[in-house]
Amino acid sequence: MKNIIYISDLAKFVDQEVTLQGWLYNKRSSKKVKFLILRDGTGYLQCVTFIGNVSEEVFNLADSITQESSFRVTGKVKAEPRAVGGFELDVINIELISDSVDYPITPKEHGIEFLMDQRHLWVRSKKQVAILKIRHRIVKAIRDFFDERGFVLFDPPIITPNAVEGTSTLFETPYFDLGKAYLTQSGQLYAEAGAMALGKVYTFGPTFRAEKSKTRRHLTEFWMVEPEAAFYELDDVMDLAEEFLEYIVQTILEERKEELEILERDITKLQNVKRPFPRISYDEAVKLLHEKGHEFEYGNDLGAADETVISESYDRPVMVHRYPQQVKAFYMKRDPENDNLALGVDVLASEGYGEIIGGSQREDDINKLLERIKEHDLPQEFFEWYLDLRRFGSVPHSGFGLGLERTISWICGLDHLREAIPFPRMIYRNTP
RNA sequence: UCCACGUUAGCUCAAUGGUAGAGCAUGCGGCUGUUAACCGCAGGGUUGUAGGUUCGAGUCCUACACGUGGAGCCA
């Protein structure tokens, strides 16, 4: 691959002869000039083939080459304001690597079912490439954020013997002589063990939910990052969550401008994502809903429509804390000021993107935790190791989970989670 | 699981119960600066499946299949 350069490096080679390789993104032509748009993963480059400048054979190739054929092209780099990206290539030679017959995705509109069937090819499209590059940068921002703050990566198991939150919505798999095992729906309980060992930890990996959810906000397989820190209380974890979201969003605004432009994302709303975020209690949220004339019964969990009403009342993400304990998980600590409330917090993204973070202070008193396990009718034997964390030097601790695809979807302004992951897994789709 | 909507050319969509059409893609022709290029011509159809109503069904009715969106649940 000597002397072959990438489109992203073109600026260093203006007026020089270079060779590039990639695929034909699109083609426009008149009789004596052919415009071939090359893509190589790093960008797009217009390759201009004039009839007099190349051999007849090469010109005929430029005329007949089809969408997504792979080719190698040599030419002189020119700064050219008329071309997308600011550069173009004066073609000297083209070499076909492999042709592409009847590529199914044309430059016109397609329906979602068709595109999902062609997902392995759809990821070549400009918008999908932009989304996947933003996804990559968000993942790096997440790791950087925690690494720089002394959190240690702590990988939880994916195969688990029981439900983390005791629900029955888990993917089941046979496990040798031990009977059934399940795919994890959260690494949190294991992260708590990590926090007692390392102080501050985070998990980051795929999680699985067998819920029959059929909406734009759900996947059956999705990625989640879950920090967990010893000695953190609810306020500490809220501080962490808002600093975290600000960091991710501002990093993407700075470093993935071009991709956000390709996605035609209105970034003014993202620019608002700066601390402090509004913090309202569940009680205040209910009051707000009632003031807005929205019907809502105190004690219920917030539904998608309720979340939208709340988030639309603010210009940045909003944190709702201290929910009625009956709608929250067994491991959440109760509010010492009101035993009916759980010390949990949900962060609702702006623009109606809904819950992207769910977190809480965990119950650290073994007797209360035992009570909760009984109340929720959970099999105590599976939780003995978890109870040990309270038996041997229990401390206050807190953490949260952030849904990666929901975050990507929000930052990119997508209308569905399925475009935020290379190969989405949903209730009625597990291919390609 | 429940609710709503949809299924017509490779793709995206039209078509008062009365001869099934357009754009894109493909092929051929035209054009020396195109930006989802444009212009002309051509090929391309068991209208999701099975029944029913009717002189006549893409269109109306029933069932089923598949898809899309929403609810609940959650990140």
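First the proteins, then the strands, lettered A, B, ... as listed; each starts at 1.
Exactly one of A:Phe244, A:Tyr202, A:Tyr232 qualifies for a ring pair (Phe, Tyr, Trp, His ring centres under 6.0 Å) with A:Phe400. That residue is A:Phe244.
Nucleotide B:rC28 forms a pair with B:rG40, judged by Watson-Crick or G-U wobble geometry with both contacts under 3.5 Å. Shown here, B:rG51 forms a base pair with B:rC61; the pair counts as Watson-Crick or G-U wobble because both key distances fall under 3.5 Å. Under the Watson-Crick or G-U wobble criterion, with both distances below 3.5 Å, B:rC66 is paired with B:rG6. B:rC73: no Watson-Crick or G-U partner with both key distances under 3.5 Å is found in any strand. Within the shown strands, B:rC11 is the pairing partner of B:rG23 under the Watson-Crick or G-U definition, both distances less than 3.5 Å. When Watson-Crick and G-U wobble pairs are counted only if both distances are under 3.5 Å, B:rG45 pairs with no nucleotide at all.
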May I have the step-by-step check of side chain to side chain contact (heavy atoms under 4.5 Å, CB included) for A:Ile94 and A:Thr49, ending in yes or no?
CA-CA 9 Å; A:Ile94 301 170; A:Thr49 315; 4.0 Å; yes
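Counting distance only, with no hydrogens placed and no angle test, the side-chain atoms of A:Ser213 and the base atoms of B:rC73 include a donor-acceptor pair under 3.5 Å. Between the side chain of A:Gln118 and the base of B:rG10, no donor-acceptor pair under 3.5 Å is found.
Residues A:Asp415 and A:Gly401 each lie close to RNA chain B; by heavy-atom proximity, the contact nearer the 5' end of the strand is made by A:Asp415. When each of A:Ile356 and A:Ile112 is assigned the nucleotide of RNA chain B with its nearest heavy atom, A:Ile112 is the one assigned upstream, toward the 5' end.
Considering only the side chain of A:Asp102, B:rU26 comes nearest among B:rU32, B:rG33, B:rU26. Here the side chain of A:Arg209 is nearest to one of B:rC74, B:rG33, B:rU1, namely B:rC74. With distances taken from any side-chain atom of A:Thr215 to the nucleotides B:rG69, B:rG70, B:rG33, the minimum falls on B:rG70. Here the nucleotide nearest the side chain of A:Leu417, chosen from B:rA75, B:rC73, B:rG69, is B:rA75. Side chain of A:His218, nearest nucleotide from B:rG69, B:rU34, B:rA75: B:rA75. Side chain of A:Arg216, nearest nucleotide from B:rG69, B:rU12, B:rA75: B:rG69. For A:Gln46, whose side chain is taken as the heavy atoms from C-beta onward, the closest listed nucleotide among B:rG33, B:rU68, B:rG72 is B:rG33. The listed nucleotides are B:rC66, B:rU26, B:rU32; the one nearest the side chain of A:Lys31 is B:rU32. Of the listed nucleotides (B:rG10, B:rG69, B:rU34), B:rU34 has the atom at the smallest distance from the side chain of A:Phe35. Among the nucleotides B:rA36, B:rC74, B:rG33, the one closest to the side chain of A:Asn26 is B:rA36.
Nucleic acid contact for A:Ile51: none, since no nucleic acid atom lies under 4.0 Å from a heavy atom of the residue. At the heavy-atom level, A:Ser29 lies under 4.0 Å from base atoms of the strands shown. Counting any heavy atom pair closer than 4.0 Å across all strands shown, A:Tyr428 reaches sugar-phosphate atoms only and no base atom. Within 4.0 Å of A:Ala304, counting heavy atoms only, lie sugar-phosphate atoms of the nucleic acid but no base atom. Nucleic acid contact class of A:Asp301 (heavy atoms, under 4.0 Å, all strands): sugar-phosphate only.
Between A:Phe151 and A:Phe145, the distance from one ring center to the other does not fall under 6.0 angstrom. In this structure, A:Tyr25 has its ring center closer than 6.0 angstrom to the ring center of A:Tyr44. Taking the six-membered ring wherever Trp is involved, the centroid distance between the rings of A:Tyr190 and A:Trp385 falls below 6.0 Å.
A heavy-atom distance below 4.0 Å to RNA chain B is reached by these residues of residues 405-413 of chain A, ordered by number: A:Arg406.
Applying the side chain to side chain contact (heavy atoms under 4.5 Å, CB included) criterion to A:Thr308, with sequence neighbours excluded, gives A:Glu312. Contacts of A:Leu253 classified as side chain to side chain contact (heavy atoms under 4.5 Å, CB included), with partners at least two apart in sequence or in another chain: A:Val249, A:Gln250, A:Leu260, A:Ile267, A:Leu270, A:Gln271.
In this model, the phosphate group of B:rA71 is approached by a side-chain N or O of A:Arg217 to a distance below 4.0 Å at OP1 or OP2. In this model, the phosphate group of B:rC13 is not approached by any side-chain N or O of A:His110 to a distance below 4.0 Å at OP1 or OP2.
Protein atom CZ of A:Arg28 is 15 Å distant from nucleotide atom P of B:rC39, rounded to whole Å. The distance between atom CZ of A:Phe114 and atom P of B:rU7, rounded to the nearest whole Å, is 18 Å. Atom OH of A:Tyr25 and atom P of B:rA36 are 10 Å apart (whole Å). Going from atom CG of A:Leu115 over to atom P of B:rU12 covers 8 Å, rounded to whole Å. Atoms CZ (A:Phe208) and P (B:rC73) sit 24 Å apart, rounded to a whole Å. When rounded to the nearest whole Å, the span between NZ of A:Lys34 and C1' of B:rC38 equals 13 Å. When rounded to the nearest whole Å, the span between NZ of A:Lys214 and P of B:rC3 equals 14 Å. For the pair A:Ile427 CD1 and B:rG72 P, the interatomic distance rounds to 16 Å; values are reported in whole Å.
Comparing B:rC3 with B:rC11, their P atoms sit 30 Å apart, to the nearest whole Å. Distance check on atom C1': B:rC13 versus B:rA25 gives 15 Å, rounded to whole Å. Rounded to whole Å, the C1' atom of B:rU46 lies 24 Å from the corresponding atom of B:rA42. Comparing B:rU59 with B:rC73, their C1' atoms are spaced 40 Å from each other, to the whole Å. Using atom P as the reference point in both B:rA57 and B:rA20, the two lie 12 Å apart (nearest Å). With C1' as the reference atom, B:rG72 and B:rU12 are 34 Å apart, rounded to whole Å. To the nearest whole angstrom, the two C1' atoms, one in B:rU62 and one in B:rU54, are 16 Å apart. Rounded to the nearest Å, the gap between the C1' atom of B:rG45 and that of B:rA22 is 14 Å.
In this structure, A:Asp239 pairs ionically with A:Arg279, as a charged nitrogen and a carboxylate oxygen lie closer than 4.0 Å. A salt bridge between A:Glu351 and A:Arg265 is present, with a side-chain N of the basic residue lying under 4.0 Å from a carboxylate O of the acidic one. Here A:Lys368 does not pair with A:Glu363 in a salt bridge; the nearest charged N to carboxylate O distance is not below 4.0 Å.
Counting non-hydrogen atoms of other residues, nucleotides and ligands closer than 6.0 Å to CD of A:Glu264 gives a total of 12 or fewer.
Residue side chain A:Phe222 meets the stacking definition with respect to B:rA75: its ring centre sits within less than 5.5 angstrom of the base's six-membered ring centre, and the planes differ by less than 30 degrees.
At a cut-off of 3.5 Å, with distance as the only test, a side-chain donor of A:Asp306 or A:His294 sits close to an acceptor on the other residue.
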